[in-house]
**Student:** 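Let me give you the structure first, and then I'll get to my questions.
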Amino acid sequence: MREFDETSVTAEVLRRLEAAPAPRAREIIGALVRHLHAFVREVAPTEAEWAQAIDFLTRTGQMCDATRQEFILLSDTLGVSTLVDAINNRFPPAATPSTVLGPFFVADAPRAALGADIDGGDGSGARLHVTAEIVDLAGAAIPGAVVDVWHADAEGFYDVQRDGGKRRARRGRFTADGAGRVHFWTTMPASYPVPHDGPVGEMLAATGRHAWRPAHVHFMIATPGYRRLVTHVFVAGDRYLESDAVFGVKEALIAEYRAMPPGRAPDGTRMAAPYRTLAYRFVLTPEDPAGGKSPPAHRDGPRARHRSARPR
Ligand code: BEZ
Ligand code: FE
């Protein structure tokens, strides 16, 4: 009869994985066992702490449904989503960096015409005119890219968090023109807390962290021959840029949302009140820069959304 103790159990678990039919499964589960056992040895949890951890993970799972994904939020707030994003999107330094997708993307965003106002009419923030230019690494325009845009309102809520999530606002799917440009009107987004009324909120509180993300507009840009870019453009000067709850900020993604006096906007519109403008150049990475194999995109589909998730 073989017995296992704290010095021998790890090796035995790993030995039993050796017959795994899929080498990748053996690699992944083997690494999980090694790191998990090392973690347990380091932390030396009491049995009460072990039970607390099981309860935390159970409640994290129970919080998940079609509109709330607490496990992804846990991944986001522990920096794992940023790590997975970084590993899977190693773009050249001259390219626009990617960042986390977040839970508020919807795949069926309404098609929007260039120049449209995507605010939906109920936005209370300052008017914002956005011009996005999409270019390659040499600075040449890329015409015809599909550009998804989505962002929070002036109170920090996404459309999917309001009114049962039925009405679409501050999101749209554009097609870049022949000069690789997209332009539209909307309202200024505000910073907002990630959903913190569940286990992730408990984890943040227990570790003395806040739940806030700096204000930003999300962009997803896709066109044949280039790597899909999932990113945000953050508002320069936001107080949470240095402490984003999901570790998504990158220097190259911070831009001036310029405060403009009343007058003529970039598209010729006469503005009676002060407004803002954002002009941002997105530099896409070719699909296959060296003729080799590109790493796979790590997220193919939309994530379930935290629709009802914001405690007020
Ligand atoms: C977002 O930017 O929409 C987001 C990202 C991660 C977690 C929650 C929200
Ligand atoms: Fe967001």
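Computed over heavy atoms, backbone and side chain alike; hydrogens, waters and symmetry mates excluded. All values reported here derive from a predicted model rather than from experimental measurement. Order of listing sets the numbers, starting from 1, for every ligand and every atom in it. FYI, the numbering just counts along the sequence from 1.
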**Student:** Please step through side-chain hydrogen bond (donor to acceptor under 3.5 Å, both in side chains) for the pair Thr175 and Arg111, ending with a clear verdict.
**Tutor:** CA-CA 9 Å; Thr175 302; Arg111 283 262 170 198; 3.1 Å; yes
**Student:** Do Arg68 and Asp197 meet the salt-bridge criterion of a basic N to acidic O distance under 4.0 Å?
**Tutor:**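 Yes.
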**Student:** What distance separates Thr231 OG1 from Phe91 CZ, expressed to the nearest 0.5 Å?
**Tutor:**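 One finds 8.5 Å between OG1 of Thr231 and CZ of Phe91.
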**Student:** Could you list which atoms of ligand 1 come closer than 4.0 Å to a heavy atom of His216?
**Tutor:**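 Heavy-atom distances to His216 below 4.0 Å select 2 (O).
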**Student:** Distance under 4.0 Å to a non-hydrogen atom of Tyr158: what atoms of ligand 1 satisfy this?
**Tutor:**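 Heavy-atom distances to Tyr158 below 4.0 Å select 3 (O).
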**Student:** Would you give the length of the straight line joining atom NE2 of His183 to atom CG of Leu278, rounded to the nearest 0.5 angstrom?
**Tutor:**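 Reported to 0.5 Å precision, the distance equals 14.0 Å.
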**Student:** Classify the angle between the aromatic ring planes of Tyr275 and Trp185 as parallel (below 30°), tilted (30 to 60°) or perpendicular (above 60°).
**Tutor:**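 Answer is tilted, since the angle falls between 30° and 60°.
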**Student:** Is ligand 1 under 4.0 Å from a heavy atom in the side chain of Trp150, in the backbone, in both, or in neither?
**Tutor:**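 The answer is neither; Trp150 stays 4.0 Å or more away.
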**Student:** Counting neighbours of CZ on Arg258 that are heavy atoms of other residues, nucleotides or ligands and sit closer than 6.0 Å, is the number greater than 12?
**Tutor:**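 No, the 6.0 Å shell around CZ holds no more than 12 heavy atoms from other groups.
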**Student:** Check ligand 1 against Phe104 and write out every atom of the ligand that is under 4.0 Å from a heavy-atom position of the residue.
**Tutor:**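 Matching atoms, with element in brackets: 3 (O), 9 (C).
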**Student:** If you measure from CD on Glu49 to CD on Glu47, what distance do you get to the nearest 0.5 Å?
**Tutor:**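 One finds 11.0 Å between CD of Glu49 and CD of Glu47.
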**Student:** Name the orientation class of the two ring planes belonging to Tyr192 and His216 (parallel below 30°, tilted from 30 to 60°, perpendicular beyond 60°).
**Tutor:**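 Rings of Tyr192 and His216: tilted, as their planes differ by 30° to 60°.
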**Student:** Where the closest heavy atom to atom 8 (C) of ligand 1 is concerned, which of Pro195, Pro193, Ser75, Pro103 has it?
**Tutor:**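 The option holding the nearest heavy atom is Pro103.
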**Student:** The Fe ion (ligand 2): which protein N, O or S atoms are under 2.8 Å away?
**Tutor:**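 Only Tyr158 OH, Tyr192 OH, His216 NE2, His218 NE2 fall inside 2.8 Å of the Fe ion (ligand 2).
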**Student:** Could you tell me whether ligand 1 has any atom less than 4.0 Å away from a heavy atom of Phe105?
**Tutor:**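 Flag not set, Phe105 not near ligand 1.
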**Student:** List every atom of ligand 1 that sits less than 4.0 Å from any heavy atom of Asp76, numbering the atoms from 1 in the order shown and giving each element.
**Tutor:**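 Per the distance check, 6 (C), 7 (C).
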**Student:** Show, in sequence, the C-alpha distance, side-chain angles and deciding distance for Ile118 and Phe174, and conclude whether the side chain to side chain contact (heavy atoms under 4.5 Å, CB included) test is met.
**Tutor:** CA-CA 11 Å; Ile118 61 168; Phe174 297 91; 3.7 Å; yes
**Student:** Among Asp76, Asp238, Asp244, find the one that has a salt bridge (Lys or Arg N to Asp or Glu O under 4.0 Å) with Arg213.
**Tutor:**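 Checked Asp76, Asp238, Asp244 against Arg213; only one passes salt bridge (Lys or Arg N to Asp or Glu O under 4.0 Å): Asp244.
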**Student:** Taking only heavy atoms of Val194, which atoms of ligand 1 are found under 4.0 Å from at least one of them?
**Tutor:**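 Heavy-atom distances to Val194 below 4.0 Å select 7 (C), 8 (C).
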**Student:** Please check whether His218 reaches ligand 1 - meaning an N/O of the residue sits under 3.5 Å from an N/O of the ligand, judged on distance alone.
**Tutor:**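 Looking only at distances, the answer is yes, because the N/O contact criterion of under 3.5 Å is met.
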